[in-house]
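Working notes, beginning with the structure itself.
Numbers restart at 1 for each chain; the letters A, B, ... are given by sequence-line order, proteins then strands.
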Number of protein chains: 2
Amino acid sequence: MIPTIEWKDGLIRMLDQTKLPTEIVYVDCRDVETVAQGIRDLWIRGAPAIGIAAAMGVALGAREIRADSFDAFYEEVERIAFKLGATRPTAVNLFWALDRMKAYVRAHREEGIAKIKEGLVRESQTILDEDIAVNRAMGAWGAAFLRDGDTVLTHCNAGSLATGGYGTALGVIRAAVEAGKRVRVYADETRPVLQGARLTAWELMQDKIPVTLITDNMAGWMMKQGKIDAVIVGTDRTVANGDVANKIGTYSVAVLARHHGIPFYVAAPTSTIDLTIASGDLIPIEQRNGREITHVFGRTQIAPEGVATENPAFDVTPARLIIGIVTEKGVFRPRDIRKLGDPNVDLDAIRLRP
Amino acid sequence: MIPTIEWKDGLIRMLDQTKLPTEIVYVDCRDVETVAQGIRDLWIRGAPAIGIAAAMGVALGAREIRADSFDAFYEEVERIAFKLGATRPTAVNLFWALDRMKAYVRAHREEGIAKIKEGLVRESQTILDEDIAVNRAMGAWGAAFLRDGDTVLTHCNAGSLATGGYGTALGVIRAAVEAGKRVRVYADETRPVLQGARLTAWELMQDKIPVTLITDNMAGWMMKQGKIDAVIVGTDRTVANGDVANKIGTYSVAVLARHHGIPFYVAAPTSTIDLTIASGDLIPIEQRNGREITHVFGRTQIAPEGVATENPAFDVTPARLIIGIVTEKGVFRPRDIRKLGDPNVDLDAIRLRP
């Protein structure tokens, strides 16, 4: 599988996912501004991958800081983190990764700036490596909920391309396939940016996992015809009451799944869980430019000049529509997500069994 | 409003709707083959408009028939009707219009071939004129169900462009606006062929009716936020039990509307009602080429080469999800649709009141 992002010879090499699937183009980011642009313009997307990019962005930016005191150095690190944090508001991994990088700096204050700069590069690599390990653990837990012969619907791309590798929702599917189950996938194309058509279909074809591409508005009809056995999607932020923000259209799929009695799962590494927010109503939802709707790939005009649009990039699926949230610690009821951070809770007692 | 189709100096002038909204291109059809191509390739679409095009196609083709007996003439008319009927299977208006034209020929057998040829041109014009009158009557009945200040969601294009003029679902909205109600519209873009983005948004902007374009997968989220007061769509075929075939995605919108307690209406001129079919499960659903999904406008590739697709052009919304069916005879419960053809039924007793 092609790496989404890697640290290479002192720069960040990022796959420009906006060019997929017709072109495979890498961009070398040599400064924080380019990393921020890459996140904002969707060269890289997917909550875990955004977190990794931000962490690497801090490491990259920190190398260029000229400061002779720790305080001056830390102030610059905060400035870099602020710049990277201003790119996209919804995915919590961005802020989680930036906080972790800042915490690293503070924790290693006594080692001196030069050592810290080296340590930040290692820390960002650790975040990447951990992400892959987390995805594999999620895959193992989640795959138990898919049966041999199941057809699974997914929305947007929560795959290898959205993470350090392997994927969250697609990681669960990969793990089921690796366990010898025959699993087929329906991929929603996921307008307006078409992550399902461009990325999910492409990723699964690379892995020879059978995939059928449909437009978003076909999902309900496929369910009605009994063609879908389960739905699994990723998440950009899961909050204390178990509500989940994910790519626009996820909420509709969840309602449709409920109407048809089809189990709806969310794959949520704990890095996407934000217990500081009580309910989904409070998650900031990014509104993007309407040109994403009126012009495909910014060039093929499909709507009248000047038409009004709304373009929320995400929606919120309430906990009551979700059967299980797949994490690296197990699969849980949405209402139990708040207990994951509590060391006194016996997770084994609240894990869902297939 | 620009005419969708007209008979002009012995030929059929058709607006090529695949070019909208960026270009306004008319095609002059001089033979039946070109009319059939226009229907198949979606230059003209929308159940009532397809019916009108088919009727004009019969009139056009009949003029060229060289036959010296009525039976030979009628055989050729049937051949023309068969050719036009083979273009698209789902919209019943196509078959309704062809049957009506054939019935005209049989009914005027004694007048002679030359007179019949002239009569067929008039009959196709009558179908067009009646369609506009029917749309206006539907508008008057349906508009009573929309309140001042309502925001109405629609899917695909059931407007002036889908009919002889005025529109079915959009006719209801137009009539409400003409009655002085402030009505706003959300238009689903309606993948894969984008009739909502290209046609509905364009039509409403021409008429200065406020319209906001969204992707299909946003409809549920807009409902969740309380932004939608009612849904109204057109239909390609309404059958005896009140089930309705319409553009793919309609079924999902109906499920979402039900989940949110939003009334879901279908605008169905009686020419789209097919009492010969008992239930929606039996309606033939056209499957179109997957290239409509993988390539926008046949040229902008948005998915990997060779990906599997499903591309049903229509889906079926069961009667239980529909609050009211708007016809030119009034608004009715889906289960009462079968009574419309019965002269002994007092329609006034079964009409829905706002």
Side-chain angles (χ1 to χ4, degrees), chain A residues 20-22 155 186-192 194 196-198 201-202 205-206 210-224 227 247-256 258-260 290 293-294 296-297 299-312 315-316 318, chain B residues 20-22 155 186-192 194 196-198 201-202 205-206 210-224 227 247-256 258-260 290 293-294 296-297 299-312 315-316 318:
Chain A
L20 287 175
T22 48
H155 188 74
Y186 274 81
D188 280 350
E189 65 174 7
T190 318
R191 282 280 292 150
L194 295 162
R198 297 188 300 103
W202 184 78
M205 286 170 82
Q206 300 272 316
V211 57
T212 300
L213 177 66
I214 56 173
T215 61
D216 299 305
N217 60 20
M218 291 176 190
W221 183 236
M222 296 300 147
M223 292 180 187
K224 175 78 155 55
K227 293 184 179 181
K247 179 54 53 196
I248 185 70
T250 302
Y251 170 70
S252 289
V253 174
V255 170
L256 291 165
R258 169 60 50 94
H259 184 85
H260 295 89
I293 295 179
T294 58
V296 174
F297 298 166
R299 61 176 193 267
T300 304
Q301 183 180 345
I302 60 171
E305 208 65 58
V307 67
T309 58
E310 287 204 37
N311 189 14
D315 58 28
V316 176
Chain B
L20 287 175
T22 49
H155 188 75
Y186 274 82
D188 281 349
E189 66 174 6
T190 317
R191 283 279 291 149
L194 296 161
R198 297 188 301 105
W202 184 77
M205 287 171 81
Q206 300 272 317
V211 57
T212 300
L213 176 64
I214 57 174
T215 60
D216 300 303
N217 60 21
M218 291 175 190
W221 184 235
M222 297 300 146
M223 292 181 188
K224 175 75 157 53
K227 293 184 177 180
K247 180 54 52 198
I248 185 72
T250 302
Y251 170 70
S252 289
V253 174
V255 170
L256 291 164
R258 169 59 52 92
H259 184 86
H260 295 89
I293 295 180
T294 57
V296 174
F297 296 166
R299 61 176 193 268
T300 304
Q301 183 181 344
I302 61 171
E305 208 66 59
V307 68
T309 57
E310 287 205 36
N311 188 15
D315 59 28
V316 176

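- The candidate from B/G306, B/A201, B/A303 with the greatest count of non-hydrogen atom pairs under 4.5 Å with chain A is B/A303.
- At a 4.5 Å heavy-atom cutoff, the contact between B/D216 and chain A is made by side-chain atoms alone.
- Interface check for chain B: of the options A/A308, A/G220, A/P210, the most heavy-atom pairs under 4.5 Å are formed by A/A308.
- Neither the backbone nor the side chain of B/R258 comes within contact range of chain A; no heavy atom of the residue lies under 4.5 Å from a heavy atom of that chain.
- Note on A/T190, A/L256, A/T250: by heavy-atom pairs under 4.5 Å with chain B, the leading option is A/L256.
- Only the side chain of B/M205 comes within less than 4.5 Å of a heavy atom in chain A; its backbone stays farther off.
- Between chain B and the options A/N217, A/L194, A/V211, A/L213, the largest number of non-hydrogen pairs under 4.5 Å is found for A/N217.
- Interface check for chain A: of the options B/A197, B/P318, B/P192, B/G196, the most heavy-atom pairs under 4.5 Å are formed by B/A197.
- At distances below 3.5 Å, at least one donor-acceptor pair connects side-chain atoms of B/H155 with backbone N or O atoms of B/I248.
- Looking at B/E189, only its side chain comes within 4.5 Å of chain A, counting heavy atoms on both sides.
- A side-chain donor-acceptor contact under 3.5 Å links B/D315 to the backbone of B/Y251.
- The heavy-atom pair separating B/Q301 from A/F297 by the smallest distance is O-CE1, 3.2 Å.
- The backbone N or O of A/I293 lies less than 3.5 Å from a partner atom in the side chain of A/R191, making a donor-acceptor pair.
- Interface residue B/T309: backbone and side-chain heavy atoms are both found under 4.5 Å from chain A.
- With respect to chain A, the highest number of heavy-atom pairs below 4.5 Å among B/E305, B/M218, B/R198 belongs to B/M218.
- With a threshold of 4.5 angstrom between heavy atoms, B/P312 approaches chain A through its backbone and through its side chain.
- Note on A/A187, A/A219, A/S252: by heavy-atom pairs under 4.5 Å with chain B, the leading option is A/S252.
- The contact between A/P21 and chain B is made entirely by side chain atoms (from C-beta outward), counting heavy-atom distances below 4.5 Å.
- Counting heavy atoms from C-beta on, the side chains of A/E310 and B/W221 never come closer than 4.5 Å.
- Only the side chain of B/M222 comes within contact range of chain A, judged by heavy atoms closer than 4.5 Å.
- For B/D188, no part lies under 4.5 angstrom from a heavy atom of chain A.
- Of the two parts of B/V253, neither the backbone nor the side chain holds a non-hydrogen atom closer than 4.5 Å to a non-hydrogen atom of chain A.
- Looking only at heavy-atom pairs under 4.5 Å with chain A, the residue among B/T212, B/I214, B/N311, B/L20 that has the most is B/T212.
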